[in-house]
Amino acid sequence: MHRVHIRTYGCQMNERDSEGVAALLRAKGYQVQAEEAGADIVLINTCSIRGLAEEKAIGKADHLLRDRRAGKGPRLVGILGCMAQNRGADLLERLPDLDLVVGTQRLRHIPDHLGRLLGEPAPAARVDVAEEAGFEDALPGRDEARQVAAFVSIQQGCDMRCAYCVVPRTRGRERSRSPESILAEVRALAAAGTREVTLLGQIVNQYGRGSQRAEGGVSPFVALLRRVAEVPGIARIRYTACHPIGYRPDLVAAHAELPQLCGHVHLPFQSGSDRILRAMNRPYLAERIRRLATALREARPGMTLSTDVIVGFPGETEEDFARTEALFRELGFEHGFLFKYSPRPGTPGFALGDNVPAAEKEARLARLQEILALRSSTENLRQVGTTQRVLVEGPDRRGGRLMGRTENERRVVLDGPASLIGELVDVRITGAGQTYLDGARA
Ligand code: SAH
Ligand code: SF4
Ligand code: F3S
């Protein structure tokens, strides 16, 4: 039996795709293992979002192929996902003895490709990055083991054209999966014991755009949320990513109406400078972020917000950045993913160059990181002594204890029997670390 290891880089979409590929391979008799050591096939599911993300995956593949040349590596090495889609056969220039390149739209064909590669004595590299229409409903299944919290893909691709962003190239046109198909998956998950679902897409608030009608003034995404909330057993619903454009009042209101919809929203704002937002082709003003953040916090008391920010976009002056810094501080995001601009070939903004010096980007990033560190440590300390409802997801990585999350997306580590996994328990917060809270059953 062949042993496969799948290494995943990138966002939740890739995690979900890797689960699907694993299930597909298991169904064909492969053994999928968590460890790289001892695997005879290693598949690397990749991300292209920043130059560094690509370099990491290329470095990993290079290392494996070098081992193989030295007679100790895996028999087959493949690159899957976003970088495969983005660079296709060009990857063979960097990694000439790579065996397999499969793009985001072709993952369901991996078992066929592996079968052929394994059946030939000296197989040529296989590259499959064709675009495929329709929604990738094709990656069904996931681990046999129950997932307390599961990702459910509801949308593929993206039709926005943010100047910096490679995703429309790596994931194709925007397509929404049908509500029936999504609900069938959620029901099956719930029946197997899943308590929380995160609905995934690049711009989920625009779910159904072009294919479904707003009925009774309710946008298709909100209609979907309502139906998911009716599935018995589903206690929590999250979604990501959303875009300030098309984030309508009915979605804000859903956070007040649907108890299952969690009190945490990831609301990427990218820049606080209207001039830079325009250059990024993000067609909103900073004021819109301020209003949305306020409305969300009013809709659901205790709501926490996280965001994405890019520093050093071409042409960003100190004054532009000062606006970003001020907005970031003012809105008090509980969490943030902070990035230095990385020019991506083939994106609409690539021609703008990359004219903010590296040291300046670094300094701007550090200023935001400092605000964030202060904010999260005070917020975490404020939780100490409170009682929070925690969905226990499984064993903590460090072993011996359990890990769960509050509805505000705070990680809590606690002691307790494994029978608590999958339960919502009230936990008294006893201490605060950098990235998690310590708790004890109340
Ligand atoms: N669809 C999501 C974003 C997906 S990419 C959305 O619109 O919010 C995740 C984040 O990576 C983006 O929000 C952005 O902050 C960052 N990012 C994307 N391209 C980048 C680039 N070229 N350089 C630096 N950061 C980038
Ligand atoms: Fe990229 Fe913009 Fe689409 Fe998000 S909305 S995936 S940043 S193009
Ligand atoms: Fe995600 Fe990276 Fe692809 S952020 S969609 S894995 S380019």
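Just so you know, these numbers come straight off a predicted model, no measurement behind them. Whatever order the structure lists them in is the order used to number ligands and atoms, beginning at 1. Values below: all heavy atoms of this structure, side chains included; hydrogens, waters and symmetry mates excluded.
Contact annotation: Cys158 places an N, O or S atom under 2.8 Å from atom 3 (Fe) of ligand 2.
Here the heavy atom of the protein found nearest to atom 13 (O) of ligand 1 is Asp308 OD2, 2.6 Å. In terms of protein heavy atoms, atom 19 (N) of ligand 1 is closest to Tyr164 CD1, 3.2 Å. Closest to atom 7 (S) of ligand 2 among all protein heavy atoms lies Tyr164 OH, 3.5 Å. In this structure, atom 5 (S) of ligand 1 lies nearest to the protein heavy atom Ile49 CD1, 3.5 Å. Taking atom 1 (Fe) of ligand 2 as the reference point, the nearest protein heavy-atom neighbour is Cys165 SG, 2.3 Å. Ranking protein heavy atoms by distance to atom 4 (Fe) of ligand 2, first place goes to Gln202 O, 4.3 Å. Of all protein heavy atoms, the one closest to atom 24 (C) of ligand 1 is Lys340 O, 3.3 Å. Summary of contacts: the protein heavy atom closest to atom 15 (O) of ligand 1 is Gln270 OE1, 2.7 Å.
The only member of Glu196, Glu407, His264, Gln260 that meets side chain to side chain donor-acceptor pair (under 3.5 Å) when paired with Arg238 is Glu196. When each of Leu43, Ile44, Val101 is checked for a side chain to side chain contact (heavy atoms under 4.5 Å, CB included) with Leu80, only Leu43 meets the rule.
For ligand 2, the atoms lying closer than 4.0 Å to a non-hydrogen atom of Cys162 are 2 (Fe), 5 (S), 7 (S), 8 (S). Atoms of ligand 3 found under 4.0 Å from any heavy atom of Cys11 (numbered from 1 in listed order, with element): 1 (Fe), 4 (S), 5 (S), 6 (S). Atoms of ligand 1 lying under 4.0 Å from any heavy atom of Pro268, numbered from 1 in the order shown and given with element: 8 (O). Close approach of ligand 3 to Cys47 (heavy-atom distance below 4.0 Å) involves ligand atoms 2 (Fe), 4 (S), 6 (S), 7 (S). Taking every heavy atom of Asn14 and a limit of under 4.0 angstrom, the matching atoms of ligand 3 come to 6 (S). Of all atoms in ligand 1, numbered sequentially from 1 with element shown, those under 4.0 Å from a heavy atom of Arg50 are 11 (O), 16 (C), 17 (N), 23 (N), 24 (C), 25 (N), 26 (C). Listed by number with element, the atoms of ligand 2 under 4.0 angstrom from any heavy atom of Val167 are 6 (S). Near Tyr341, with a cut-off below 4.0 Å to any heavy atom, the atoms of ligand 1 are 23 (N), 24 (C). Which parts of ligand 3 touch Gln202 is read off a 4.0 Å heavy-atom cut-off, strictly below it: atoms 5 (S). Atoms of ligand 2 found under 4.0 Å from any heavy atom of His243, numbered from 1 in the order shown, are 5 (S).
Under a 4.0 Å heavy-atom criterion, Arg282 is in contact with ligand 2. Residue contacts with ligand 1 do not include Val167, since none of its heavy atoms lies under 4.0 Å from the ligand. The closest approach between Arg282 and ligand 1 falls below 4.0 Å for a heavy atom of the residue. In this structure, His266 does not count as a contact residue of ligand 1, since none of its heavy atoms falls inside 4.0 Å of the ligand.
Under a 3.5 Å cut-off, the side chain of Asn355 and the backbone N or O of Gly315 do form a donor-acceptor pair. Without hydrogens or angle criteria, Tyr284 side chain to Phe269 main chain gives a donor-acceptor distance under 3.5 Å. Judged by distance alone, the side chain of Asp40 and the main-chain N or O of His2 form no donor-acceptor pair under 3.5 Å. Listed for the Asn86 side chain is no donor-acceptor partner under 3.5 Å among the backbone atoms of Met83. At distances below 3.5 Å, at least one donor-acceptor pair connects side-chain atoms of Gln85 with backbone N or O atoms of Val129.
Ring geometry for Tyr247 against Tyr239 counts as tilted: the plane angle lies between 30° and 60°, on a 0 to 90° scale.
Using a 4.0 Å cut-off between charged side-chain N and carboxylate O, Glu54 and Arg344 make a salt bridge.
By the neighbour-count criterion of 12 heavy atoms within 6.0 Å, atom NZ of Lys60 is densely surrounded, having more than that number from other residues, nucleotides or ligands. Atom CD of Glu319 has 12 or fewer heavy atoms from other residues, nucleotides or ligands within 6.0 Å.
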Arg364 and Glu316: salt bridge (Lys or Arg N to Asp or Glu O under 4.0 Å), yes or no, with the steps? CA-CA 11 Å; Arg364 290 177 189 174; Glu316 184 187 76; 2.9 Å; yes

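Defined by atom type and a distance below 3.5 Å, a donor-acceptor pair is missing between the side-chain atoms of Asn45 and Thr8. Donor-acceptor pairing under 3.5 Å is recorded for the side chains of Ser306 and His266.
Arg3 forms no cation-pi arrangement with Tyr30, by the criterion of a distance under 6.0 Å to the ring centre and an angle within 45° of the ring axis. Both tests do not hold together for Arg397 against Tyr436: distance to the six-membered ring centre under 6.0 Å, angle to the ring axis within 45°.
Under 4.0 angstrom from ligand 1, the non-hydrogen atoms of Ser342 come from both its backbone and its side chain. The proximity of Cys82 to ligand 3, defined as any non-hydrogen pair under 4.0 Å, is limited to the side chain. Contacts of Ile310 with ligand 1, taken as heavy-atom pairs under 4.0 Å, involve the side chain alone.
In this comparison of Gln202, Arg171, Met13, Lys361, the heavy atom closest to atom 3 (C) of ligand 1 sits on Gln202.
Looking at Arg344 next to ligand 1, no N or O pair under 3.5 Å apart turns up.
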